[in-house]
Amino acid sequence: MDDLEKAVLILFDESGTVDSELKQKAKDYCDKIKEQQAICSVCIERLCFSNLVQVQFWCLQALHEVIRVRYSSMSVDEKLFIRKSVFSIACLGAFDDKSTVRVLEGPAFIKNKLAQVLVTVIYHEYPLIWSSVFVDFLSQLNKGAVLIDMFCRVLNALDEEVINLDYPRTPEELSVAAGIKDAMRQQCVAQIVGAWYEIVSVYRKSDEELCASVLESMRRFISWIDIGLIVNDAFIPLLFELVLVDGLSEQLRSAAAGCLSAVVSKRMDPQAKLLLLQSLQMHRVFGLVAQDLDSDLVSNVAALLTGYAVEVLECFKRLNSEDAKGISMELLNEVLPSVFYVMQNCELDSAFSIVQFLSGYVGTMKTLSPLRETQLGHVGHILEVIRSQIRYDPMYRENLDILDKIGKEEEDRMVEFRKDLFMLLRNVGRVAPDITQIFIRNSLATAVGSSLDWNVEEVEVALSLFYAFGESINGEAIRTGSGLLGELVPMLLSTRFLCHSNRLVALVYLETVMRYMKFVQENTQYIHLVLAAFLDERGIHHPNVNVSRRASYLFMRVVKLLRVKLVPFIENILQNLQDSVAGFTRMDYTSKELSGSEDGSHIFEAIGLLIGMEDVPPAKQSDYLSSLLTPLCQQVEALLMNAKVLTPEEAPQKFANIKQIIVAINSLSKGFSERLVTASRPALGLIFMQTLDVLLQVLVVFPNVETLRSKVTSFVHRMVDTLGASVFPYLPKALEHLLVDSEPKELVGLLLLLNQLICKFNILFRDILDEVFPAITGRILNIIPVDTLPSGPGSNTEENRELQELQRTLYTFLHVITTHDLSSVFLSPKSKSYLQPIMQLLLFTSCKHKDLLVRKACVQIFIRLIKDWCAMPNGEEKVPGFQSFIIETFATNCCLYSLLDTSFEFRDANTLVLFGEIVLAQKVMFEKFGNDFLAHFVSKGFPAAHCPQDLVEKYCQQLQGSDIKALKSFYQSLIESLRHQQNGSLVVR
């Protein structure tokens, strides 16, 4: 054993006894050998004399790399040496008389690597240099099975390395592959096909494994050779015989089925394809799919039948003659029962899409009206296939019920997987509504009558089918209960499945009831059944918390839908929900519940919607509201009284309790309109005001608990809508408390509340705004920078994101103030000191902010302030210095210099919106300030931008005209012209 062999053995050692340093040395040594000029000779010599498979593999790998990379730089003699040597080794020949090793006697992976090396030579030399390679190989096949096996490996490698388009290829590789295929078609394909036929005929009884290898190679080539070489009276009968004979090995029968699949899938003219498909008499293999379902043969025959069905369907779509369509439909009707069986019982090839095929077939049914008996039978099969495909695997039953990680993944996978199948169901429902409804009725009836041990998955499927079917029916059909719906919906409502405790069954049951609620809306005799379904252990009282909370949400939607029709049931509903209401706000929260969803609050929203109707008698309404709110307020008051003795361990639990109570009250209040609680029945308003008074105390007792502040803020929002102006007395103190030690995130919430108040009450809110504006503005201006916020690497922190949000909300707040006739707030004695910083902030933002919509809002603020504060009737300035600030600073910086920056991109839609506002600002300034504005803009602004005099004059004419569109168009062209001149060199001052 020489050094190279030792190095290779160390390199491939997997025992774990060789240290990494020695391995690296071995690798370096081998790499150095590869770089030698005579590497090909070294490798070929070792192949003929070394019987170590590691050395053989390394030599073949090195040869492959060298031929692939260095071929073009090799000498003619070197190429000839490689060609002859590799071919000789592949044909059981010898390097010279002294050779002692035959590579073809080695393991399969060595022979595959040798085939890869030979194909690399073929890639470079066939057909121009080595035109006889395939003919030469064919002449060697009489040496027996070893050579035939090697020939198959070479053809397989040729397919994988060169021809097959399933692998990514460069344009050069595609060109070489096309040249090889063209030359083979012309020169040797017919001989190769003849050899395949002869080998299979001769060896079918003596060496079935070899025959299977030959057919596997043939399958790869059928897609690009002349189909007539295969589809003839010799080969097709042989292939079918091999598939159908019982005594042969499964491997050989499967390989023959694979060849037939390749024949079926061959790309052809549709008319010729139809004749081919018809001639195959495929019915001969239909019975094979009912054999051992786990066998490779059944999988291959299944692929053959599904591929055949796809091609027949394609012929039906592409051919227009009645005869061709008739033949296609006849062949489809013949094969479909087997295809349906395959879909339900066999593992299908990944290339076949059940949904795509069935959707295509259902699409053809639209042209066959009315449907014949055969097609109606197929519809039933399609529905069975859909049902079998969407059924959950029982092995995941427990995971799905407790919804652990595995269950969540499986549920997500099935939700995605079912989408296309449900779309198919809807299409079937439109083509054959009666059969679909009967199928769903039978599925549902079976589920209803099932025993305790009956499959949970079957019940879930039956309900899911009924749910999905609802999407193919219009609202009117549901409302009137057309077809079998009049029978199906009552059956659904009155059913209590024995497996109803299962999470999936319970959820899909409630969703399905919700889907068909329009039927109940019309047929009110079933309301009691709906209420029972949602209020008993099938819904809100289900043991699974996820089901219970989802039921709460859906029940709220039921209440919204039925409203007045539920008035007679209010007492019964409230009685049934007593424990749920108490449970939602109970004192003994566990840590798990603290982190849970707030979905349970929908119970309170539902109750609010029920008792907030004017159809409820006033006295009862007050009693209902008081009986709900009083205990909740008492709980909060008790917690607030004991706040000082709270331990750090108790605090989170108590805070969570208060939070849940506020959420509950908030949700409850959504059912009461402002008109009802302030005008019609003010006693209700009084109850809400007392509640607000209690909850505002939370801000006093727990001023620094962010979660509670946010919930109280949310409740104040709610009360603004519910109580209207009656909320005013509570606002100053509320706003004052909300401002204490507020962080940027909390300030955003406060500004949003103020925006709501301004939008709702306009100038009525002026006095309160006058009081709170200075404190809020001062606080914000101390937090946010006057110029830009940090950007670039490392700036995307939570703190910066909160500051950006606060800055954006501040601009919205200022915009809301100015557009609601409240700009006088800026001028009040307490606020005047903030006027200049606000103006500077607005100026900078209108010129430089990255968000164009924020810039637009700031320009709109300036426009509104110009209209509000300028050109007083007596000529006095309402705000001394404001006019000169606008003319000398805002006009030139925002309306001219900022536009000259190349980042102002006119092709952007938002930029054009901003530009429109800037043009409008100039028009407003001219209207208010006349020549004062124009003279300064023309004498100071344009000269700094080196604007030609003719464009200045034209600008003056356009500005004084009445056509704003013409002004906008001209000003854009002027800016583009100046920008071209300046190349963006002006800087906004």
Side-chain angles (χ1 to χ4, degrees), residues 355 358-359 361-373 375-387 390 418-448 459-495 497 507-534 554-566:
V355 175
L358 291 180
S359 297
Y361 179 66
V362 171
T364 66
M365 289 184 175
K366 294 173 184 175
T367 65
L368 306 171
S369 187
L371 297 180
R372 301 182 186 89
E373 190 176 341
Q375 272 89 39
L376 293 173
H378 293 335
V379 168
H381 284 304
I382 290 170
L383 292 167
E384 286 287 357
V385 168
I386 293 171
R387 180 165 64 183
I390 66 170
R418 284 175 159 191
K419 284 178 184 175
D420 291 339
L421 286 156
F422 283 149
M423 187 179 292
L424 174 62
L425 175 69
R426 292 193 291 273
N427 290 337
V428 172
R430 292 183 185 109
V431 169
D434 294 342
I435 288 183
T436 307
Q437 288 193 41
I438 290 168
F439 179 82
I440 288 170
R441 181 190 62 185
N442 293 343
S443 297
L444 204 58
T446 307
V448 168
V459 175
E460 195 276 340
V461 158
L463 290 168
S464 294
L465 286 170
F466 190 27
Y467 173 83
F469 177 66
E471 290 188 356
S472 66
I473 316 169
N474 61 43
E476 183 60 22
I478 293 176
R479 194 177 63 78
T480 57
S482 70
L484 293 174
L485 289 180
E487 173 190 343
L488 286 170
V489 178
M491 183 198 295
L492 175 77
L493 293 173
S494 57
T495 299
F497 295 105
L507 285 173
V508 72
Y509 176 80
L510 294 171
E511 298 286 356
T512 308
V513 170
M514 190 67 228
R515 169 142 285 177
Y516 292 96
M517 274 307 299
K518 284 184 179 174
F519 174 82
V520 179
Q521 211 174 357
E522 191 69 18
N523 298 274
T524 53
Q525 68 269 30
Y526 297 113
I527 286 178
H528 70 286
L529 293 177
V530 171
L531 293 176
F534 278 99
L554 293 174
F555 180 64
M556 180 268 295
R557 286 178 54 195
V558 168
V559 172
K560 275 186 176 179
L561 204 63
L562 298 177
R563 292 300 295 265
V564 176
K565 292 169 182 173
L566 291 177

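Because only heavy atoms are used, hydrogens play no part in the values below, and waters and symmetry mates are left out as well, while side chains stay in.
For the pair R563 and K560, the tightest heavy-atom approach, listed with the atom from each and the gap, is CG-O, 3.2 Å.
Atom-to-atom distance recorded for S472:OG and N427:CG is 9.0 Å, nearest 0.5 angstrom. Distance check, rounded to the nearest 0.5 Å: OG1 of T495 to CG of L529 gives 9.5 Å. In this structure, K518 NZ and I478 CD1 are separated by 6.5 Å, a value rounded to the nearest 0.5 Å. To the nearest 0.5 angstrom, M517 atom CE is 10.5 Å from L554 atom CG. The distance from the CZ atom of R557 to the CZ atom of F534 is 9.0 Å, given to the nearest 0.5 Å. For the atom pair L492 CG and L463 CG, the distance stands at 6.5 Å (nearest 0.5 Å).
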Only pairs under 3.5 Å count here: list side-chain donor-acceptor contacts from residues 432-439, not counting sequence neighbours, and write none if there are none.
from: T436; atom 1: OG1; to: A432; atom 2: O; distance (Å): 2.8
from: Q437; atom 1: OE1; to: L484; atom 2: N; distance (Å): 2.6

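Open room surrounds CZ on R372; 12 or fewer heavy atoms of other groups in view lie less than 6.0 Å from it. Summarising the local packing, CD of E373 is surrounded by 12 or fewer heavy atoms from other residues, nucleotides or ligands at distances under 6.0 Å. The local environment of CE in M491 is crowded, with over 12 non-hydrogen atoms from other residues, nucleotides or ligands closer than 6.0 Å.
With contacts defined as side-chain heavy-atom distances shorter than 4.5 Å, the pair L425/I382 does not qualify. Using a 4.5 Å heavy-atom threshold, the side chains of L485 and F466 count as touching. Between Y516 and L493, every side-chain heavy-atom pair lies at or beyond the 4.5 Å cut-off. By the 4.5 Å heavy-atom criterion applied to side chains, F555 and L510 are not counted as neighbours. Y526 places none of its side-chain heavy atoms less than 4.5 Å from the side chain of V489. Counting only heavy atoms from C-beta outward, the side chains of Y361 and Q375 approach each other to under 4.5 Å. Inter-residue side-chain proximity for L566 and L531 is flagged as met; some heavy-atom pair is nearer than 4.5 Å. Inter-residue side-chain proximity for L424 and F422 is flagged as unmet; no heavy-atom pair is nearer than 4.5 Å.
A side-chain donor-acceptor contact under 3.5 Å links E460 and S464.
At distances below 3.5 Å, at least one donor-acceptor pair connects side-chain atoms of N474 with backbone N or O atoms of E476. Proximity of a side-chain donor or acceptor of K565 to a complementary backbone N or O of T524 within less than 3.5 Å is not detected.
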Audit row: R515, E471, salt bridge (charged side-chain N to carboxylate O under 4.0 Å, His left out) steps and yes/no: CA-CA 9 Å; R515 169 142 285 177; E471 290 188 356; 3.2 Å; yes
Intermediate values then yes/no, side chain to side chain contact (heavy atoms under 4.5 Å, CB included), L465 and F469: CA-CA 6 Å; L465 286 170; F469 177 66; over 6 Å; no
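Contacts of E522 classified as side chain to side chain contact (heavy atoms under 4.5 Å, CB included), with partners at least two apart in sequence or in another chain: R479. For K419, the side chain to side chain donor-acceptor pair (under 3.5 Å) partners two or more places apart in sequence, or in a different chain, are E416.
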